[in-house]
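Numbered from 1 within each chain, the chains take letters A, B, ... in sequence-line order.
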Amino acid sequence: MLPELHHLRRLILLPRHRPAAVRTALSALVSVSASSGLLDHALAHFRSLRSQFPSHPPSARLYNCLLKCSLRAHRADLVEVLYRDMLLAGVPPETYTFNILISSLCDSDRIEEARLLFDNMPLKNCQPDEFSFGILICRYCKAGLTHRAVELLDEMERLGRSPNIVIYNTLISSFCKDGSIGEAEKLVERMRKDGLFPNVVTFNSRISALCKAGRVLEAYQIFRDMQEDKVLGLPRPNQITFNLMLAGFCKGDMLEEARALVELMKVGGSLASLQSYNIWLSGLVKCGRLLEAQQLLEEMVQQGIEPNSYSYNILIDGLCKEGMIYGARSVMSLMKKYGTSPDPVTYSSLLHWYCTRRNISGAIKILHEMTSSGCFPNSFTCNILLQSLWKEGRILEAEKLLQEMNKKGYGLDIVTCNIVINGLCENGKLDKAIEIVNGMWQHGSAALGELGNAFLGLVDDRNEKKKCSPGLITYSILINHLCKAGRLDEARKLLLEMMGKNVAPDSIIYDIFVRGFCNQGKVSSAFKVLRDMEKKSCRPSTRTYNLLIWGLGKKHQIEEILDLMNEMQQKGIPKDVRSYNNLIHALCDREMVDKAASILEEMLHNSILPNITTFSMLIRAFCKISDFDAAQAMFHGALTACGQKEVLYSLMCNEYFMYGKISEAKEFLQIALEKEFSLEHFPYKNIVEELCKEDMIDDGHSLINTMIAKRYLFDPATFMPVIDALGKKGNKHEADKLSEKMMDMAAHHDGSMVSFSDCLHGDSENKRKKQKQEVSLGSDWHNLLHRDDGSGIAMKLLKRVQKGWGQGSIPAPRPQNFDLVDEWEITN
DNA sequence: CTAGGGTTAG
């Protein structure tokens with residue numbers, strides 16, 4: 001009934017009541033409303049109080065209550081007004097009052113003013129207390145000014161005041177958060193000397209830091225020690241400890257450990273909070289268990305734990321990332337049905353799906369949907385759009401969006417800067433990008449103003465926190481593009497520069513150099529980078545080694561590749577499908593096809609499933625040496641392992657066509673037509689032409705008829721050889737009929753290879769298909785599950801198929817470019 | 001009454 005309470009004011013103010021009673025009643029209304037967060041009501045009552053009883057100042061307690069409420073509502077303006085009123089009314093502020101003021105100033109990024117206030121607190125009634133110190137130390141930490149927080153701690157000790165455990169924990173967790181585990185440990189020592197014992201919060205900070213650094217097993221060790229309470233009297237793990245450990249296992253892809261922990265939590269009754277469920281939900285999603293995640297969501301509802309927007313968003317984002325937009329949509333409907341409104345996170349996830357697919361109209365639709373449901377783009381949303389616009393080369397619109405973001409006061413943070421810098425690099429403005437990054441050290445995001453927009457007004461030196469400085473990703477972008485442009489010396493200079501600025505390189509940045517050197521054929525330099533990584537204790541990854549294998553392959557150094565792969569084995573660096581693909585590529589390049597095929601066996605032995613690239617290379621290699629039986633066997637193996645993929649059929653079709661095997665090529669084309677694949681990558685035109693040349697006009701003719709019957713829209717030139725041949729044979733009637741169809745086709749043909757039905761039937765057929773998918777989440781999820789189930793079976797079948805491969809090879813060169821190197825997009 | 005540890009999107 002609280003919101004209704006304010007109607008009482010009129011009754012209270014009736015003249016027949018005693019003034020003292022009215023004052024008491026009004027004060028009560030103010031305090032009740034304020035502590036319930038009803039700021040507007042509280043203020044209205046407060047105004048009545050002040051105007052009715054101007055000579056009776058309210059208590060400091062009442063002011064405090066209002067101040068706290070204003071602070072909660074992030075109304076720094078009100079905080080200031082109320083404080084002035086307090087002074088005006090002659091009410092002396094208390095320490096608590098100052099503490100609220102300090103918090104409020106920090107909230108509006110006025111940390112220096114907060115410090116000033118702290119330093120000038122009247123020593124009489126309100127000396128700074130442990131909260132004053134604690135609040136300021138906390139805010140310094142949050143602003144990234146840890147050194148100033150520590151200075152304040154030192155000052156406390158100088159003043160002979162002993163810091164409490166919360167203050168120590170604040171600092172310890174802050175050090176843990178930026179990875180300074182050593183500093184954190186020093187503080188634990190210091191707090192022990194002060195007679196304070198680390199409590200569960202201290203331990204949680206440590207576990208959190210270890211998990212974040214990928215040292216999950218060490219974290220688990222501590223967790224286990226905490227569970228055995230007899231030992232050193234360590235604090236017992238609480239719900240947060242369990243959550244941290246669970247998140248750690250999930251982050252480290254230790255799904256089974258996570259699952260065991262969840263069971264433990266269930267038994268012990270710790271799997272009770274929404275947050276715990278959300279962590280487990282995101283863990284399942286991260287490990288690709290989307291079906292299980294869906295089941296968990298249902299379980300939550302059954303257990304009476306209402307999923308919140310986090311829960312739904314975790315699932316929706318996961319589905320989008322897996323490409324399952326219909327599944328995501330369906331969860332969004334579920335979300336609405338259960339009374340949770342989609343928020344900017346929900347829409348941003350969907351938007352991202354459309355943007356990565358370069359589906360601009362879809363993206364715009366989402367934006368409309370978003371705004372019409374009262375949700376507005378935030379800086380995440382804008383960054384997604386910004387990146388998309390740069391990718392599309394719509395630079396002017398990107399700049400406009402940037403201006404708009406600036407106007408709306410969205411923080412142009414380091415992510416925004418990185419998007420713009422990457423955009424510039426990809427649009428041939430590498431030097432401009434370098435210039436901007438240099439400027440960023442001075443002006444932060446305002447350096448983007450050098451794009452031509454007047455952003456220099458953004459310079460704000462008061463906030464050390466807000467100034468965004470170039471980081472690891474920023475340098476990775478520049479170095480990557482410098483290497484791609486062959487400017488390795490400059491790249492190396494930038495590496496030194498970043499290390500000088502205390503930005504530590506990671507293995508990805510070293511990989512960029514490895515790739516750069518390999519690209520230039522300087523494999524020995526690339527190896528120097530590898531050894532340098534080892535020296536700098538920056539563990540080379542599978543990717544690093546894959547790049548080196550690729551580099552060696554380019555130089556036909558097969559022996560060296562084999563040595564390197566042995567080294568991987570010894571150093572415990574797992575080989576993946578790309579490692580083997582690079583080796584197979586090198587072998588095929590050296591015309592060692594049988595050896596290449598035998599690598600397949602080794603892969604299977606090591607439980608590494610070959611992918612389409614693996615099979616494609618081998619198929620091409622076998623075709624090249626005219627071992628078409630082996631190529632066929634490979635093809636069937638590929639279908640088993642990878643599924644009925646269009647690329648596999650088009651590859652066979654193209655290969656057979658290239659080697660003059662027209663009727664085989666035709667058969668593959670026919671299968672493609674039956675399966676209603678896109679014909680985009682099939683040489684259908686050449687096949688028809690060739691069939692006519694070889695006096696198989698009927699075959700060509702029937703192919704065309706099938707294509708028409710299946711409502712394909714294809715290159716009208718395909719008709720010509722058939723029409724010509726029919727004409728020559730005197731079949732004028734058929735020739736005319738085809739000419740007519742050709743004209744019809746030409747009228748619709750725009751160079752793209754879409755199915756005819758898409759055009760003629762206004763998408764209705766497609767829509768029906770899509771709706772079918774949309775009805776059940778099931779179909780998408782089923783596919784995903786099927787993929788998991790499928791791989792094992794595929795492996796077994798493959799093992800059967802592979803027998804009989806690899807015999808006989810005739811050397812032949814193989815000029816083909818495959819995408820053998822890992823993608824080089826710099827992403828987080 | 002006010003400061004510390006855990007979940008979602010770029």
Side-chain angles (χ1 to χ4, degrees), chain A residues 31 34-35 61 64-65 67-69 71-72 94-104 106 129-142 149 163-174 176-177 199-209 211 235 237-248 250 273-283 285-286 307-318 320-321 342-353 355-356 377-388 410 413-416 418-419 827-828:
Chain A
S31 117
S35 49
R61 197 194 149 94
N64 289 345
C65 195
L67 282 166
K68 189 181 87 177
C69 185
L71 178 70
R72 286 247 164 93
E94 301 172 340
T95 299
Y96 179 49
T97 319
F98 275 98
N99 290 347
I100 293 176
L101 293 174
I102 290 169
S103 302
S104 172
C106 292
D129 61 3
E130 53 185 349
F131 288 104
S132 323
F133 278 98
I135 292 167
L136 210 48
I137 286 175
C138 169
R139 301 309 180 118
Y140 273 138
C141 288
K142 290 221 164 103
N164 62 22
I165 186 138
V166 177
I167 289 176
Y168 271 115
N169 281 339
T170 308
L171 278 159
I172 290 166
S173 101
S174 174
C176 284
K177 270 186 186 135
N199 64 7
V200 66
V201 178
T202 326
F203 274 82
N204 286 346
S205 298
R206 177 145 174 74
I207 288 179
S208 167
C211 287
N238 62 11
Q239 246 201 68
I240 292 177
T241 324
F242 276 100
N243 288 347
L244 283 165
M245 210 52 245
L246 180 59
C250 293
S273 77
L274 178 57
Q275 218 160 350
S276 301
Y277 271 100
N278 285 346
I279 292 169
W280 182 219
L281 207 52
S282 70
V285 167
K286 188 185 169 289
N308 63 0
S309 63
Y310 271 57
S311 326
Y312 293 108
N313 288 341
I314 289 166
L315 208 52
I316 289 171
D317 188 58
C320 286
K321 294 269 151 68
D343 62 12
V345 180
T346 323
Y347 288 110
S348 295
S349 294
L350 295 173
L351 188 70
H352 189 239
W353 188 88
C355 284
T356 50
N378 60 17
S379 59
F380 270 76
T381 325
C382 290
N383 280 338
I384 295 169
L385 287 170
L386 195 64
Q387 183 159 40
S388 182
Y410 289 155
D413 63 9
I414 189 63
V415 179
T416 318
N418 287 341
I419 290 170
T827 50
N828 237 339

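Among the heavy atoms of the strands lying under 4.0 Å from Ile167(A) is at least one base atom, whether or not backbone atoms are also near. Ser173(A) comes within 4.0 angstrom of the backbone, heavy atoms only, and of no base. Residue contacts shown for Asn199(A) include a base, since a base heavy atom lies under 4.0 Å away. Across all strands shown, Asn378(A) has heavy atoms under 4.0 Å from base atoms, whether or not it also approaches the sugar-phosphate. Counting non-hydrogen atoms under 4.0 angstrom, Asn308(A) reaches nothing in the nucleic acid. Within the 4.0 angstrom heavy-atom criterion, only backbone atoms of the sugar-phosphate kind lie near Thr170(A); the bases stay farther away. Gln387(A) comes within contact range of the sugar-phosphate backbone alone, with a heavy-atom separation under 4.0 Å but no base atom that close. Heavy atoms of Thr346(A) sit nowhere under 4.0 angstrom from any nucleic acid atom. Ile100(A) comes within contact range of no nucleotide atom at all, as no heavy-atom separation falls under 4.0 Å.
Among dG5(B), dA9(B), dT2(B), the nucleotide with an atom closest to any side-chain atom of Asp317(A) is dA9(B). With dT8(B), dT2(B), dG5(B) as the candidates, the nucleotide lying closest to the side chain of Asn204(A) is dG5(B). For Phe131(A), whose side chain is taken as the heavy atoms from C-beta onward, the closest listed nucleotide among dA3(B), dA9(B), dT8(B) is dA3(B). Nearest nucleotide to the Val166(A) side chain, out of dG6(B), dA3(B), dC1(B): dA3(B). Considering only the side chain of Ile240(A), dG6(B) comes nearest among dA3(B), dA9(B), dG6(B).
For dA3(B), the base has a donor-acceptor partner in the side chain of Asn164(A) [N/O atoms by modelled type, under 3.5 angstrom]. In this model, a side-chain donor or acceptor of Asn238(A) finds a partner on the base of dG5(B) within 3.5 Å.
For Phe98(A), there are no ring pair (Phe, Tyr, Trp, His ring centres under 6.0 Å) partners, not counting sequence neighbours. For Phe242(A), the ring pair (Phe, Tyr, Trp, His ring centres under 6.0 Å) test picks out Phe223(A), with sequence neighbours left out.
If you take CD1 of Ile102(A) and P of dA3(B), they are 13 Å apart, rounded to a whole angstrom. Rounded to an integer number of Å, the gap from CG of Leu171(A) to P of dG5(B) is 12 Å. Taking atom CD of residue Gln275(A) and atom C1' of nucleotide dT8(B), one finds them 11 Å apart after rounding to whole Å. If you measure from atom CD1 of Ile279(A) to atom C1' of dG5(B), you get 11 Å, rounded to the nearest angstrom. Between the CG atom of Asn99(A) and the P atom of dA3(B) there is a distance of 10 Å, given to the nearest Å. Here dT7(B) presents its P atom at 9 Å from CG of Asn243(A), a figure rounded to the nearest Å. At whole-Å resolution of the value, CE in Met245(A) and C1' in dG6(B) are 13 Å apart. Whole-Å rounding puts the Asn313(A) CG to dT8(B) P distance at 11 Å.
Contact annotation: Lys177(A) side-chain N/O to dG5(B) OP1/OP2 distance is under 4.0 Å. Between Arg72(A) and the phosphate of dC1(B), there is no side-chain N or O to OP1/OP2 separation shorter than 4.0 Å.
Put simply, CE on Met245(A) and SG on Cys211(A) are 4.5 Å apart, with the number rounded to the nearest 0.5 Å. Annotation: the span from Cys355(A) atom SG to Leu385(A) atom CG amounts to 5.5 Å, rounded to 0.5 Å. Separation of atoms CG (Asn204(A)) and CD (Gln239(A)) is listed at 11.5 Å; rounding is to 0.5 Å.
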